[in-house]
Colleague: 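Supplied in structure tokens, the structure appears directly below.
Quick note: numbers below take in every heavy atom, side chains included, and nothing from hydrogens, waters or symmetry partners. In what follows, chains carry the letters A, B, and so on, assigned in the order in which the sequence lines appear, proteins first and then strands, with residues in each chain numbered from 1.
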Amino acid sequence: MRRFTKLSNLRIPITQSLIHKFTNNESIHLPPRHHQPRQRGQNGVELKNNLKNIWWKAMTQLNDNIVGVDAAIFMHPLTWKASGHVDGFNDPMIDNKDSKKRYRADQLLEGKAEVYANAGDEAKAQALLNETGRLLGNNDLEAVRELIIAEGIVCPISGTANWTEVRQFNLMFSTQVGSVADDASLIYLRPETAQGIFVNFLNVQKTGRMKIPFGIAQIGKAFRNEIVARQFTFRMREFEQMEMQFFVRPGSEMGWYEQWRDTRLAFHKAVGLPAEKLKFHIHEKLAHYANAAVDIEYQFPFGFREIEGIHSRTDFDLKNHQELSKKKQQYFDNDLDDNGKPYGNYIPYVVETSVGADRLFLAVFCNAFTKETTGEGPEAKERVYLKLHPALAPYKAAILPITKKDGLPEKGREIEKMLKSEFRVFYEDKDGIGKRYTRQDLIGTPFCIAVDHQTLEDNTATIRHRDTTEQERVHISELKAKIGYEVSEQRILEKI
RNA sequence: GCGAAAGUAGCUCAGCUGGUAGAGCGCGACCUUGCCAAGGUCGAGGUCGCGGGUUCGAACCCCGUCUUUCGCUCCA
């Protein structure tokens, strides 16, 4: 049973065996109708953790006005009522049996209303919209279907009115708290991490004596019951977000929006994604909460796709939380305006930056995969390696005694012991040295330290560089400093 | 959910008109080996996705089912 994505279909050139080393969706338990979310393997989790750490530091360490939280995954339905997810994440769908096409029932009716409006019959159009809203509000799906048929709406493909039942597709996962299943115990798994920040906004602001502008960062899983979860790790039902909500004075949001847009692009370049494969995609159609939105897209082998969204969310979320919770979400701004008076109380505006951790992981993984041909003619050889930024690599260095004899393994272990408290190293003394180099190339280890007989004599070893395969001989006392800087997160953070 | 294609070892695949499972790579042990996937010997690993049918006999033919991929619907 093939449980692994045929990556060739996605034009991802990475070999299956290498995919295995980083990610898998295999499970010993795979019941019918259960789509196993793709998981990270032993190397994938290291790469992803490294990306998460660098993002976290880029937020909370490089900015003295950004702090982190770790909010709940289970959240009260009111939270999602306030955010618009209970209403907006619920789509009534209807299929045409002849064309096999699926439509949103409300959009079919809205389309019909538009036809009336264009014909000059505004009253009829409005009446239809009102009726649609009333039926959907009552969740009377059978009546919605009858209305579609009564209005003579046909499928634009097949031209028939041979419709299926109307069904609700709720994109949120729900479950119950406690053992008695009634409405009061219903809770949702968060479909985005942002709301966890909003409901904690005042607490963080007051306890941290935060002054606007300031931000709250969070990394965590979110869950969406996607109809299709496809394209490798690109769209999943269980995914991880790295979000930062930046609270600003109303009216100043566009400046911050532009600043964060540029800062976030710099981040993606700093972790190694090339500028020519990154672009902004400005949203023409804005979500219900936003007054400006842009995606940072990366050119995956299957096309440009979003890896991060930067949204100016206005005061939509905080205002709704205030209304539903009856708790004031306002901030008192002591700064003086042009007239010399404090700005006073207001609900802050929010600029959001939201990275899909798994999408960034996939982008970095795809980008790192490198295939090179060395030599010419019959001498030509293909070399494959993962050109990860050293700070992102699962292992920072591999210690490889040139042979298994003459005390070289002991010397190698000595070096391993010296380095392993500083960064993650790999030790191996079996097989030919060339084979071991190649194995490390495949998982992106930037440095290989070869221990030879000269090491025993003068305590020097060679460092072999992954990208060039060139070697240099250094004293083992210098290894920590020499490799340490190269693999440090500092080198990435400096560029943001 | 609809449509199309596919499922044989960890990976890539072969397996003829039906006759009881193969290769390369990888993996493990040992020998040899001083630098970019070296060589040798031995070894582990598969109820051919699952269930049923046809047949003396099914990886192969038929039916069903599950899973995966692609396309569509959705995508805050």
Colleague: Has the side chain of A:Arg466 got a donor or acceptor atom that lies under 3.5 Å from a matching backbone atom of A:Phe447?
Modeller: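 No, A:Arg466 side chain to A:Phe447 backbone: no donor-acceptor pair under 3.5 Å.
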Colleague: Please work out which of the three classes, parallel, tilted or perpendicular, describes the rings of A:Phe198 and A:His321, given edges at 30° and 60°.
Modeller: tilted
Colleague: Which whole number of Å gives the distance between the P atom of B:C2 and that of B:C60?
Modeller: 26 Å
Colleague: Could you work out the separation of B:C13 and B:A21 based on their C1' atoms and round it to a whole Å?
Modeller: 14 Å
Colleague: Base, sugar-phosphate or nothing for A:His311? Non-hydrogen atoms, less than 4.0 Å.
Modeller: nothing
Colleague: Report yes or no: does A:Asp441 contribute a side-chain atom to a donor-acceptor pair with the main-chain N or O of A:Tyr385 at less than 3.5 Å?
Modeller: no
Colleague: Determine, for A:Lys52 against A:Glu240, whether the closest basic-nitrogen to carboxylate-oxygen distance falls under 4.0 angstrom.
Modeller: yes
Colleague: Between B:A37 and B:G26, how far apart are the C1' atoms? Round to whole Å, please.
Modeller: 11 Å
Colleague: Are OP1 or OP2 of B:G28 and a side-chain N or O of A:Lys430 less than 4.0 angstrom apart?
Modeller: yes
Colleague: Just N and O in the side chain of A:Arg436: are any of them under 4.0 Å from OP1 or OP2 of B:A38?
Modeller: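 No, because none of the side-chain N or O atoms of A:Arg436 sits under 4.0 Å from OP1 or OP2 of B:A38.
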Colleague: Tell me the interatomic distance from A:Leu400, atom CG, to B:A37, atom P, rounded to whole angstroms.
Modeller: 14 Å
Colleague: Taking the P atom in each of B:C50 and B:A58, what is the distance between them to the nearest angstrom?
Modeller: 15 Å
Colleague: Quick one: A:Phe223 CZ to B:C75 P, roughly how many Å, whole number?
Modeller: 22 Å
Colleague: Looking only at heavy atoms, which two atoms of A:Thr193 and A:Gln218 are closest? And how far apart?
Modeller: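 So the minimum-distance heavy-atom pair works out to O-NE2, 3.1 Å.
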Colleague: For the side chain of A:Arg464 and the base of B:C36, is some donor closer than 3.5 Å to an acceptor across the two?
Modeller: yes
Colleague: In whole Å, what separates the P atom of B:G28 from that of B:G22?
Modeller: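 It comes out at 25 Å once rounded to the nearest Å.
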Colleague: What integer number of Å spans the P atoms of B:G7 and B:C16?
Modeller: 13 Å
Colleague: Write down the distance separating the C1' atoms in B:C42 and B:G51, rounded off to the nearest Å.
Modeller: 40 Å
Colleague: For atom P, what is the distance between B:G53 and B:G1, given to the nearest Å?
Modeller: 28 Å
